Amino acid sequence: MSIDNLQRKTAYYHLPGLFEFYELYRLFLPLFRGHREYFYDWCEIGSIYGAPADCIWGGGRVGFGDADPGDVLALMQEYGISARLTFSNSLLEEEHLSDKRCNALCSLFEKNEGEKNGVIVHSDLLLNYLKIYYPQFYFVSSTTKVLTDFDRFVEEVQRKDFLYVVPDFRLNKQFDRLDTLSKSQKDKVEFLCNECCSFGCKERSACYETVSRKTLGENCPEHVCTAPDAKEGYRFSKAMDNPGFIGIDDIVNTYLPKGYSNFKIEGRGLGSALILEFLLYYMIKPQYQMHVREAVYLDNMLDLF
């Protein structure tokens, strides 16, 4: 992998599991700060995103994070990392906006010291509410909108509401159109790198809608994925074979030279062991990956599986 074309450009990773993998990041972030030589010098952590369990504004994945929000915020402040609340439920009604738990989280995370915190949103109803009551947040347009039409995606990028927009992973390699975006537009694009979903899937919106319904407490049937290998669950090896996959060679040799610098890693619904593999692959030089594995695996406080 060559870095000749980087010209000091930086890739910013947006990592999963703000609440879900707090214990992993409690071990990982000191390594990131204290052993920067382990890490590629062209990458930084742009944000860590997630939501606690039982947040009705949540979406994308059913949340299971149980870390104390105060502890989570303190960790992000200590390392100067932006925290993003994943409130991407697509089915919110006016009655849901008064939810005490979600509003308390917004009150806590909005008034952050240092790096500005954000909210990942799907619902315009929620977006407008947050803009009024929590104006210090920045906002991210969620990939749960399944923006597969490029013109519709550009319209979303042009909205002043959003600092970042995450397109559907099927747009990741449409360079004939991506190359036409302006610098300011490119700065807002955040690519989802490691999606394992079938590239030809036509049920992605229905899957996300089911998650939104379950998060709201509705008694609804599970969404049954019809992809041929759905029963295998998430496999990073399968994601790497996906036509929309963005690997480190792609980031260094294609996306950064083209002016794109924001990359989202999915995985909130997975285990800590697999998240660690994502971090190793995307951020850590091969010769130091065992150093990081040992530092994490030998900590008896972390349940990796």
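Fair warning: this is a prediction, and the values are worked out from it, not measured in the lab.
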When you check the side-chain N and O atoms of [X] and [Y], is any donor under 3.5 Å from an acceptor?
{"X": "Asn103", "Y": "Tyr134", "value": "yes"}
{"X": "Tyr138", "Y": "Arg84", "value": "yes"}
{"X": "Ser184", "Y": "Ser182", "value": "yes"}
{"X": "Ser142", "Y": "His122", "value": "no"}

**Study point:** Aromatic plane relationship, Phe245 with Phe236 - under 30° parallel, 30 to 60° tilted, over 60° perpendicular
**Key:** perpendicular
Study note, to complete from the structure: In short, Leu15 meets Ile265 closest at the heavy-atom pair CD2-CG1, 4.0 Å
Exercise for review: Over all heavy atoms of both residues, which pair between Arg268 and Gly17 is shortest? Give the atoms and the distance, please.
Suggested key: CG-N, 3.7 Å
Quick check: does any side chain N or O of [X] sit under 3.5 Å from a backbone N or O of [Y], one acting as donor and the other as acceptor?
{"X": "Ser212", "Y": "Asn89", "answer": "no"}
{"X": "Asn262", "Y": "Glu190", "answer": "no"}
{"X": "Asp168", "Y": "Thr143", "answer": "no"}
{"X": "Asn117", "Y": "Ser82", "answer": "no"}
{"X": "Tyr281", "Y": "Ile248", "answer": "yes"}
{"X": "Glu20", "Y": "Gly269", "answer": "no"}

Test salt bridge (charged side-chain N to carboxylate O under 4.0 Å, His left out) applied to [X] - qualifying residues, sequence neighbours left out:
{"X": "Glu44", "answer": "Arg36"}
{"X": "Glu155", "answer": "none"}
{"X": "Asp176", "answer": "none"}

Review point. Is there a path from Phe278 to Tyr297 through hydrophobic residues (I, L, V, M, F, W, Y) whose side chains come within less than 4.5 Å of each other?
Key: yes
Exercise for review: State plainly whether one hydrophobic cluster holds both Leu29 and Tyr12, where clusters connect Ile, Leu, Val, Met, Phe, Trp and Tyr through side-chain heavy atoms under 4.5 angstrom apart.
Suggested key: no
Study note, to complete from the structure: side chain to side chain donor-acceptor pair (under 3.5 Å) filter on Gln136, not counting sequence neighbours, yields none
**Study point:** All side chain to side chain donor-acceptor pair (under 3.5 Å) counterparts of Glu78, not counting sequence neighbours
**Key:** none
Check your understanding: Taking side chain as C-beta onward, heavy atoms only, is Phe191 less than 4.5 Å from Ile251?
Key -> no
Exercise for review: Step through it carefully: locate the ring centre of Phe175, locate the ring centre of Phe150, and say whether they are under 6.0 Å apart.
Suggested key: no
Practice item. May I ask you to check whether Tyr79 and Phe32 place their ring centers less than 6.0 Å from one another? Key: no
Exercise for review: Could you walk me through whether Asp179 and Lys258 pass the salt bridge (Lys or Arg N to Asp or Glu O under 4.0 Å) test, one step at a time?
Suggested key: CA-CA 7 Å; Asp179 287 345; Lys258 287 179 178 292; 3.1 Å; yes
Exercise for review: Is it possible for you to check whether Lys264 lies under 6.0 Å from the centre of the six-membered ring of Tyr49, through NZ or CZ, and within 45° of that ring's axis?
Suggested key: yes
Check your understanding: Which pairs count as salt bridge (charged side-chain N to carboxylate O under 4.0 Å, His left out) when at least one residue sits in residues 115-126, sequence neighbours excluded?
Key -> Asp124-Arg159
